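Notes follow once the structure below has been shown.
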Amino acid sequence: MDWDGWTRLAWEARERAHAPYSKFKVGAVVVGPGDRVFGGCNVENLSYGLTMCAERVAIGSAVAAGVSEIRAVVVVAETEAPISPCGACRQVLAEFGDPEILLVGRHGSERFTLGELLPRASTGILDRL
């Protein structure tokens, strides 16, 4: 796992964020089989509910390229403590596996599995374990 390289790519994606309202830029990468990497950044909209999170932008890019499994995710932001994917992003990630997730802020990082951040994501809904 190339966490350092993927983190660098997530910071690069963050620089392209469209965040004119909040000024809060987020970058993300998702990693599919064969270490195929797809970047994303948040894309805000004046109608805030239409804003797209960096994670979901990266997932959409991966899916458009034919990826159906996500092995790893990196999310970066210029915050003291690492930020975590919102509930919607966690649920969308659950469609594509139980990836390892690295969350990175200015002063450190934390790593989780999606199952730790969103237990029982598909149990009951899709009847999968």
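In this chain, numbering begins with 1 at the start of the sequence shown. Nothing here was measured: the structure is a model prediction, and the numbers come from that model.
Sorted by first and then second residue, the salt bridge (Lys or Arg N to Asp or Glu O under 4.0 Å) pairs involving residues 109-119 (not counting sequence neighbours) are Glu100-Arg111. Every pair tested for side chain to side chain donor-acceptor pair (under 3.5 Å) that includes a residue from residues 57-66 fails, sequence neighbours excluded, so the list is empty. Sorted by first and then second residue, the side chain to side chain donor-acceptor pair (under 3.5 Å) pairs with a member in residues 62-72 read Asp35-Arg71; sequence neighbours excluded.
Hydrophobic clustering (ILVMFWY, side-chain heavy atoms < 4.5 Å, transitive): Val31 and Leu117 are in distinct clusters. When hydrophobic clusters are built by joining Ile, Leu, Val, Met, Phe, Trp and Tyr residues whose side-chain heavy atoms come closer than 4.5 Å, directly or via intermediates, Val92 is not grouped with Val29.
Ala54 is linked by a side chain to side chain contact (heavy atoms under 4.5 Å, CB included) to Val26, Ala28, counting only residues two or more places apart in sequence or in another chain. Checked against side chain to side chain donor-acceptor pair (under 3.5 Å), Arg16 has no partners two or more places apart in sequence or in another chain. Qualifying side chain to side chain contact (heavy atoms under 4.5 Å, CB included) partners for Cys89, counting only residues two or more places apart in sequence or in other chains: Cys53, Glu55, Arg56, Pro85, Cys86. Val67 meets the side chain to side chain contact (heavy atoms under 4.5 Å, CB included) test with Pro33, Arg36, Phe38, Ala62; sequence neighbours excluded. The side chain to side chain contact (heavy atoms under 4.5 Å, CB included) test applied to Tyr21 returns Glu44, Leu46, Tyr48, not counting sequence neighbours.
The CD1 atom of Ile70 lies 5.5 Å from the CG atom of Leu93; values are rounded to the nearest 0.5 Å. With rounding to the nearest 0.5 angstrom, the CZ atom of Phe24 is 4.5 Å from the CD1 atom of Ile83. Taking CG of Leu118 as the reference point, atom CD1 of Ile101 lies at 9.0 Å (rounded to 0.5 Å).
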With a cut-off of 3.5 Å and sequence neighbours excluded, list every side-chain donor-acceptor pair involving residues 2-12.
| unit_1 | atom_1 | unit_2 | atom_2 | d |
| --- | --- | --- | --- | --- |
| Asp2 | OD1 | Gly5 | N | 3.0 |
| Thr7 | OG1 | Trp3 | O | 2.7 |

Let me have the donor-acceptor pairs involving side chains of residues 75-82, under 3.5 Å, with sequence neighbours excluded, atom names and distances please.
| unit_1 | atom_1 | unit_2 | atom_2 | d |
| --- | --- | --- | --- | --- |
| Glu78 | OE1 | Arg106 | NH1 | 3.4 |
| Thr79 | OG1 | Ala81 | O | 2.6 |
| Glu80 | OE1 | His107 | NE2 | 3.2 |
| Glu80 | OE2 | Arg106 | NE | 3.4 |
| Glu80 | OE2 | Arg106 | NH2 | 2.5 |

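In terms of modelled atom types and a separation under 3.5 Å, the side chain of Asp98 and the main chain of Thr113 share no donor-acceptor contact.
Here the side chains of Leu114 and Val73 are not in contact, with every heavy-atom distance at 4.5 Å or above.
Taking each heavy atom of Ala58 and Gly40 in turn, the nearest pair found is CB-N, 3.7 Å.
In the hydrophobic clustering (ILVMFWY side chains linked at under 4.5 Å, chained through shared members), Val43 is joined by Met52, Val57.
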